[in-house]
Amino acid sequence: MSGDGGLLTERFERDRGHLRAVAYRMLGSLAEADDALQEAWLRANSAGIAGVENLGGWLTTVVSRVCLNMLRSRDRRREDSLDDRFSEPGAGTGAGAGSGAVAGRPGGDPEAEALMADSVGVALLVVLDTLAPAERLAFVLHDMFAVPFEDIAPMLDRTPAAVRQLASRARRRVKGGAVVAEADAVRQRRVVEAFLAATRGGDFEALVALLHPDVVLHADRLVVPTPEPILVAGGRAVAQGAMAAMGRARFTGLALLDGRVGLAMAPLGRLRLVLTFEVADDGLITGIEVVAEPERLAALDFGALDRGAPGVGAVGAPDRDGPDLDPSGPDRAELDRSGLDRSELRPPE
């Protein structure tokens, strides 16, 4: 192995965590992210690193270009393959009811996929999945990894100003357009977070404690599915339905739904259903609606929550050329380890 080859191998392995983080946020699937890394390694190894000054930044660009190509080819085959990714029959009417386990491609790990989705944010992955490939690249690299627009522009063959517009458009989609009532949002978020935590943990009594004794749950006919819509009344009955969906709750996360905090179930970032909540002044849940009908899902104003704030603010950097990242957060740590110092982000010709 040549000296350059050894250096490339060493740096690729050192940066693998960062590169995988970029690929996952670009693709929304660990299995596809690993495929992208394998393809990026083959391309990088074939091209060689002669003349590359910032190897970490160059590897990030190679991975980003591979992911961009994968996104552009994905739409042509998504509808044919999506149903094959969900293998577990539906059951239950609580958090994550409906189609369940993620099969993915052979060798995929549903538990790892769920953990990664939860760490990034289920709702954010849903919105990212609706973006055009160029928008997604601009948003992920700039807003999540602090790459300047000037360095993203060559990847898309566009000007920095055009890339800025792509990221801005994506950011608006991430935030959603509905007006959020902040005064009620903190309480609503805490209640919904507690509901999801109790469902994931299988804590029946904690669920009952969150529900009004006369709570009513409505679920449309596609949730389970059933011939007719479902109505469940009473705290213990609704809690039992949520317990039946405990395994599926791992693919469920908080989201902004028409300006209110709710839950979204989205294996591999593909939205399958949502739960909206009515919360009384005393903090008890009085109503839950579970929606899986595609036309109703499409009509929702869907946004991602700011995971670091107690309120409802949405994810995304302000509309400027600079990051809005928590310096202690995982993305910043991965960025620092990668050596991505904004220079030499173009692969060799």
Side-chain angles (χ1 to χ4, degrees), residues 28-29 78-104 110 113-114 117-118 121-130 173 176 178 188 192-193 195-196 198-200 207 211 215-233 237-279 285-305:
S29 160
R78 171 175 294 179
E79 295 303 322
D80 293 335
S81 63
L82 180 57
D83 290 340
D84 294 337
R85 293 172 177 257
F86 302 91
S87 61
E88 187 178 286
T93 54
S99 298
V102 176
E113 293 279 4
D118 193 51
V122 171
L124 178 58
L125 291 173
V126 169
V127 181
L128 290 177
D129 198 54
T130 69
R173 294 282 293 277
Q188 177 100 2
V192 175
E193 283 179 333
F195 181 90
L196 178 59
T199 303
R200 285 179 172 176
L207 279 170
L211 299 169
V215 63
V216 177
L217 179 146
H218 296 270
D220 69 42
R221 60 185 181 82
L222 295 185
V223 169
V224 173
T226 54
E228 299 295 333
I230 295 172
L231 185 148
V232 182
V238 171
Q240 287 170 354
M243 292 291 290
M246 183 173 64
R248 299 171 188 86
R250 61 186 178 176
F251 295 107
T252 302
L254 271 67
L256 277 177
L257 308 172
D258 291 334
R260 303 189 68 185
V261 180
L263 294 175
M265 177 193 165
L268 299 179
R270 318 291 165 78
L271 185 62
R272 306 294 280 186
L273 59 81
V274 299
L275 290 84
T276 64
F277 296 83
E278 295 295 332
V279 180
I285 298 169
T286 59
I288 302 174
E289 185 168 13
V290 191
V291 178
E293 293 174 351
E295 61 274 14
R296 297 181 67 194
L297 293 177
L300 285 170
D301 188 293
F302 193 99
L305 289 161

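The residues of the chain are indexed from 1 along the displayed sequence.
Counting all heavy atoms, side chain and backbone alike, T226 lies closest to V224 at CG2-CB, 3.8 Å. Minimum interatomic distance between P110 and R250 (heavy atoms only, all atoms of both residues): CB-NH2, 4.0 Å. Closest of all the heavy-atom pairs between L211 and A239 is CD1-N, 3.9 Å. Across all non-hydrogen atoms, the minimal contact from A249 to L196 is O-CD1, 4.0 Å. The two residues F251 and A114 come nearest to each other via the heavy atoms CE2-CB, 3.6 Å.
Considering OG1 of T276 and CD1 of I288, their distance stands at 8.5 Å, rounded to 0.5 Å. Note that CG of L125 is 11.0 Å distant from OG1 of T130, once rounded to the nearest 0.5 Å. Between the CG atom of L124 and the CG atom of L254 there is a distance of 13.0 Å, given to the nearest 0.5 Å.
A salt bridge links R270 to D129: one of the charged nitrogens lies within less than 4.0 Å of a carboxylate oxygen.
Remark: side-chain polar atoms of D258 are paired, donor with acceptor, to backbone N or O of D301 under 3.5 angstrom. With hydrogens and angles ignored, the 3.5 Å screen pairs no side-chain donor or acceptor of R272 with any backbone N or O of M265.
Among residues two or more places apart in sequence or in another chain, the side chain to side chain contact (heavy atoms under 4.5 Å, CB included) test is passed with A255 by A123, L257, A264, F302. For the salt bridge (charged side-chain N to carboxylate O under 4.0 Å, His left out) test, no residue two or more places apart in sequence or in another chain qualifies with R173. Not counting sequence neighbours, the partners of Q188 by the side chain to side chain contact (heavy atoms under 4.5 Å, CB included) test are V192, R260, V261, F277, V279. Every residue meeting the side chain to side chain contact (heavy atoms under 4.5 Å, CB included) condition with A292, not counting sequence neighbours, appears here in chain and number order: D220, L222, V223, L273.
For residues 288-300, every residue pair satisfying the side chain to side chain donor-acceptor pair (under 3.5 Å) rule, not counting sequence neighbours, is listed here: E289-R296.
Looking at heavy atoms from C-beta onward, L263 lies out of side-chain contact with V122 at the 4.5 angstrom threshold.
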Applying side-chain contact (heavy atoms from CB on, under 4.5 Å) to V290 and I230, what does each step give before you reach the verdict?
CA-CA 9 Å; V290 191; I230 295 172; over 6 Å; no
For D118 and R200: C-alpha separation, side-chain torsions, deciding distance, then whether side-chain contact (heavy atoms from CB on, under 4.5 Å) applies.
CA-CA 12 Å; D118 193 51; R200 285 179 172 176; 3.1 Å; yes
